[in-house]
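The next block holds one structure in the form of structure tokens; read it before the comments.
Bear in mind the structure is a predicted one, so any value in this text is a computation, not a measurement.
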Amino acid sequence: MIAEILILIFVFMGVFLIFTASIGLFRLPDIYTRMSAVTKAVTFKIGLIMLSVSIYFNTLPVVLKAFTIIFLLLLTTPVSSHLLGKEAHARKLPLWKKTIIDELDEDEKKDKTKQEK
């Protein structure tokens, strides 16, 4: 009984996170904030659903596979998100008009001045 309640809670939390990510995808102003919202939500959503799968099946192979998936997601999603953001910046995709600091642009300017010296 408690296992089923935990499974429902984790699945509904995952569904809620994907719902908020979809709202963020449409409502946030630029690609960088959209990407941030979606990647965080997807990582946690799949983690919660894998946790509920491991509770439901409750066998060692399934639990190991679920935690391996969670571990690999936590490893790969931030890296891929970073690379997508860096590529978007390299293609000069516009920032939100209220963006105050563009640290990547400042770093590129510093690198160019070092190379010129």
Thr77 side chain to Leu74 main-chain N or O, any donor-acceptor pair under 3.5 Å?
-> no
By side-chain hydrogen bond (donor to acceptor under 3.5 Å, both in side chains), Lys40 pairs with (sequence neighbours left out) Ser36
Partner set under side-chain contact (heavy atoms from CB on, under 4.5 Å) for Ser81, not counting sequence neighbours | Met35, Thr39
Please tabulate, one pair per line, all N/O donor-acceptor pairs under 3.5 Å involving side-chain atoms of residues 7-32, not counting sequence neighbours.
| residue | atom | partner | partner atom | Å |
| --- | --- | --- | --- | --- |
| Thr20 | OG1 | Phe16 | O | 3.3 |
| Thr20 | OG1 | Leu17 | O | 2.8 |
| Ser22 | OG | Ile18 | O | 3.4 |
| Ser22 | OG | Phe19 | O | 2.6 |
| Asp30 | OD1 | Thr33 | N | 3.2 |
| Asp30 | OD1 | Thr33 | OG1 | 2.7 |
| Asp30 | OD2 | Trp96 | N | 3.1 |
| Tyr32 | OH | Ala88 | O | 3.4 |
| Tyr32 | OH | His89 | N | 3.3 |
| Tyr32 | OH | Leu93 | O | 3.4 |

Phe67 side chain near Leu51 side chain, heavy-atom distance below 4.5 Å | yes
By the rule that ILVMFWY residues connect when side-chain heavy atoms come within less than 4.5 angstrom, directly or transitively, which residues belong alongside Leu60?
-> Leu64
Atom pair CG/NZ of Leu73 and Lys45 - distance to nearest 0.5 Å | 9.5 Å
Evaluate whether atom CG of Leu83 has more than 12 neighbouring non-hydrogen atoms of other residues, nucleotides or ligands under 6.0 angstrom away.
-> yes
Cluster membership besides Leu75, Ile/Leu/Val/Met/Phe/Trp/Tyr side chains within less than 4.5 angstrom, sorted by chain and number, is Phe71, Leu72
Pairs meeting criterion salt bridge (Lys or Arg N to Asp or Glu O under 4.0 Å) with involvement of residues 71-88, two or more places apart = Glu87-Arg91
